[in-house]
Peer 1: 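Quick one: the structure is below, questions incoming.
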Amino acid sequence: YALLHFAYRYHAFFAGADDMGFADQNGWSSAASLAPHLLLQLSGLTFSIPRRRIVTGSRIWPEYRWHALVFTLRSLVLMAIAVRYPHAE
């Protein structure tokens, strides 16, 4: 869901919808459509991983979790701004 929703919103933006297509929704349905993005990212914090980096093998590093959370929040903030101010000049 999250990847398709992300692709749809940015496609709408680059196709000319300055509001990323959020003007067709009310505030609650827009928030509900953004919630799975945050929930998906937060679900990654529930897994236990080593506290220190282990160079060998394919393991996620603790810093990556926070890095991914920051980038997720960056996208969600931009989408939330588009929801709040759909026709801002």
Peer 1: Going by atom type alone, with no hydrogens or angles, which donor-acceptor pairs under 3.5 Å involve a side-chain atom of residues 67-75 and a protein atom two or more places apart or on another chain?
Peer 2:
from, atom 1, to, atom 2, distance (Å)
Thr72, OG1, Gln41, OE1, 3.4
Thr72, OG1, Ala68, O, 2.9

Peer 1: What do you reckon, is CZ of Phe13 surrounded by more than 12 foreign heavy atoms closer than 6.0 Å?
Peer 2: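 No, CZ of Phe13 has 12 or fewer neighbouring heavy atoms, counting only those of other groups under 6.0 Å.
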Peer 1: With a sphere of 6.0 Å drawn around CG of Leu3, does it hold more than 12 non-hydrogen atoms of other residues, nucleotides or ligands?
Peer 2: no
Peer 1: Does Phe14 have any ring pair (Phe, Tyr, Trp, His ring centres under 6.0 Å) partners at least two apart in sequence or in another chain, and if so, which?
Peer 2: none
Peer 1: For Ser33 and Tyr8, what are the C-alpha separation, side-chain angles and deciding distance, and is it a side chain to side chain contact (heavy atoms under 4.5 Å, CB included)?
Peer 2: CA-CA 12 Å; Ser33 69; Tyr8 168 75; over 6 Å; no
Peer 1: Does one hydrophobic cluster hold both Leu42 and Leu40, with members joined at side-chain heavy-atom distances below 4.5 Å?
Peer 2: no
